[in-house]
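I have placed the structure first, in the form of structure tokens, so that the comments after it can refer back to it.
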Amino acid sequence: MLVCVLGAVELAASGGTTVTLPGTRQPALLAALAARAGEVVSSDRLISLLWGDELPANPEASLHSTVFKLRSSLRSACGRDVLLTRERGYQLSLAPSDLDAGVFDDLLAQSVDQPPEEAAATLDRALRLWRGHAYGSFADTEIAHLEAMRLEEGRWTAVERRAEALLDCGRPAEVVRLLEPFVAEHPLRESARATLMRALHQTGRTAEALEQYQSYRHHLGEELGLEPSRLIQGIQAELLREPDEEATPSRNSVVSPQPRGLPGLHVRYLRGRSGTVIAYGSTGTGPPLVVILGWISSLAAIASGRDPRSSLLERLADDDVSLTLYDRVGTGLSPGPVPDYGLESSVQELADVVQAIGPPVSLLAMSAAGPIAVSLAARRPDWVSSLVLFGTFAHGPNTFSDKAMRDMIVQITRTHWRTGSKILADLYRPGTSDEAAWHLSSVFRESAAADVAADYLESMYDHDVVQLLPSVQAPALVLHYRADRLIPFQGALDLVTGLPDATLVPLDGRVHLPDARDLDHIEKAIVDHVHRHA
């Protein structure tokens with residue numbers, strides 16, 4: 001290896017020793033180029049990254065001097081030129097083996113298809129490459145923030161996969177040593193928590209395993225408003241059935257992972273009238289309830305229990321309700337491209353799903369989906385028996401009155417999706433921890449590409465169905481958090497004022513989607529409403 005970024009940014013000289021670069025500009029330049037290895041980074045961009053608003057008297061000359069010094073340091077370390085001058089900037093030309101992050105990525109990928117013993121050894125090699133936080137002091141700066149976050153997420157995944165491999169090899173004591181400090185630092189990582197519970201059980205520490213579950217449940221509810229998924233609930237249930245918690249289980253006494261998410265949900269595909277393909281799934285029995293998940297979604301994330309809507313939907317699936325949910329075209333499991341992001345196209349998409357399962361149905365519209373549900377209910381009253389409108393609106397321009405803020409969020413989502421998704425996550429659950437916000441942002445990024453997310457968001461801001469409200473015959477249940485920062489409570493008031501038959505259920509809190517502490521109340525209100533009007 002030549003360049004080391006899995007810790008402080010350094011060079012590796014022959015013999016494996018590391019070389020700390022002098023000053024602050026050389027390491028900063030190396031970090032900026034390594035985070036974009038293989039790309040040509042313009043001189044203007046590098047000047048902005050290295051100096052920000054505090055520009056030297058002659059920025060171009062200062063950059064040229066720093067490049068000259070770094071190129072000399074690199075040449076001394078490896079005996080060849082890897083810092084190349086291009087027409088409008090510079091490029092760090094490295095083989096994957098020249099960058100410790102590249103070696104880590106390769107080892108992580110190799111471990112996927114390996115048997116447990118081999119995977120555990122491969123992942124151990126990968127984790128030994130780390131000397132601290134990725135990119136060191138540059139991790140929280142624009143110089144390397146996005147790449148540092150990607151690598152840290154990979155590091156967490158490597159720890160979890162190594163723990164699972166060790167457990168599969170019958171080495172639970174090693175798993176406990178590996179994961180106890182890890183889950184203390186990352187309390188929301190469900191996979192790690194579940195593996196630790198199983199390992200504690202196998203080492204005869206079942207009571208501690210159950211304590212881990214309670215700790216996870218507390219953090220999940222406080223930080224994300226979710227309940228533990230079926231996976232980890234199943235592990236807890238098996239542990240509680242153990243006749244003697246303190247007895248040391250045999251190696252063959254293994255608590256098996258339970259199925260995740262919504263029971264019996266099988267994803268199917270339909271081709272809509274416009275020719276697009278929509279992924280949808282149904283589960284449960286009883287009155288049909290079609291869920292429009294809002295702005296963007298992923299059925300895979302919903303089923304895994306990681307989406308902020310997962311806990312409510314899991315509860316509804318257990319009630320006497322036939323639940324159907326789908327991913328909008330271009331999001332989640334519904335392939336693109338998206339021919340039209342407008343409201344009319346979204347309404348037709350919903351109509352295609354309702355027609356596929358057979359009307360009449362109740363509609364549960366969450367977040368951005370209110371105008372879509374209202375439109376179908378107004379146009380096809382024979383198809384919609386009741387409406388449940390959660391945290392949504394009828395008039396986009398009035399609800400989102402700050403146009404400058406709207407434009408900024410759309411632009412950041414389009415050009416810096418990782419940052420944009422984090423901003424939106426902070427609006428979904430204000431005041432939550434950074435780890436929880438990054439959890440939500442990763443769900444958003446898993447659900448849609450940047451352009452798709454931005455275009456759906458931009459279209460949503462213009463949706464206006466106020467004129468349709470008086471013609472909606474279906475009785476409506478409107479639920480909304482009073483201090484919702486993403487979609488203001490005014491959205492609920494507009495709906496209740498305009499709909500002929502609407503019941504408002506105000507909820508106390510600043511969050512946007514159902515919070516764990518309110519799920520009993522929300523679940524009962526929705527189920528009662530759907531059954532009453534089925």
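Here the structure is a predicted model, which is why all the values come from computation and not from measurement. Values below: all heavy atoms of this structure, side chains included; hydrogens, waters and symmetry mates excluded. All residue numbers refer to positions in the sequence shown, counting from 1.
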ring-ring contact (aromatic ring centres under 6.0 Å, His included): pairs with one or both residues in residues 305-350, sequence neighbours excluded
Tyr341-Tyr456
Enumerate the salt bridge (Lys or Arg N to Asp or Glu O under 4.0 Å) contacts for [range], please, sequence neighbours excluded, ordered by first and then second residue.
range	answer
residues 384-402	none
residues 372-389	Glu344-Arg379, Arg380-Asp382
residues 427-438	Lys422-Asp434, Arg429-Asp515

With sequence neighbours left out, write down each residue that passes side chain to side chain contact (heavy atoms under 4.5 Å, CB included) with [X], or none if nothing qualifies.
X	answer
Asp105	Arg150, Leu151
Arg271	Val277
Glu222	His218, Arg517
Thr415	Gln411

Show me the side-chain donor-acceptor pairs of residues 486-493 shorter than 3.5 Å, one per line, residues at least two apart or across chains.
{"unit_1": "Gln490", "atom_1": "NE2", "unit_2": "Asp494", "atom_2": "OD1", "d": "2.8"}

Report the residues that fulfil side chain to side chain donor-acceptor pair (under 3.5 Å) with His186, sequence neighbours left out, ordered by chain and then residue number.
Trp156
Residues which pass side chain to side chain donor-acceptor pair (under 3.5 Å) with Glu523, listed by chain and number, not counting sequence neighbours:
Arg315
Donor-acceptor pairs under 3.5 angstrom involving side-chain atoms of residues 460-470: please list them, not counting sequence neighbours.
{"unit_1": "His463", "atom_1": "NE2", "unit_2": "Ser459", "atom_2": "O", "d": "3.3"}
{"unit_1": "His463", "atom_1": "NE2", "unit_2": "Ser459", "atom_2": "OG", "d": "3.1"}
{"unit_1": "Asp464", "atom_1": "OD1", "unit_2": "Val466", "atom_2": "N", "d": "3.1"}
{"unit_1": "Asp464", "atom_1": "OD2", "unit_2": "His395", "atom_2": "NE2", "d": "3.3"}

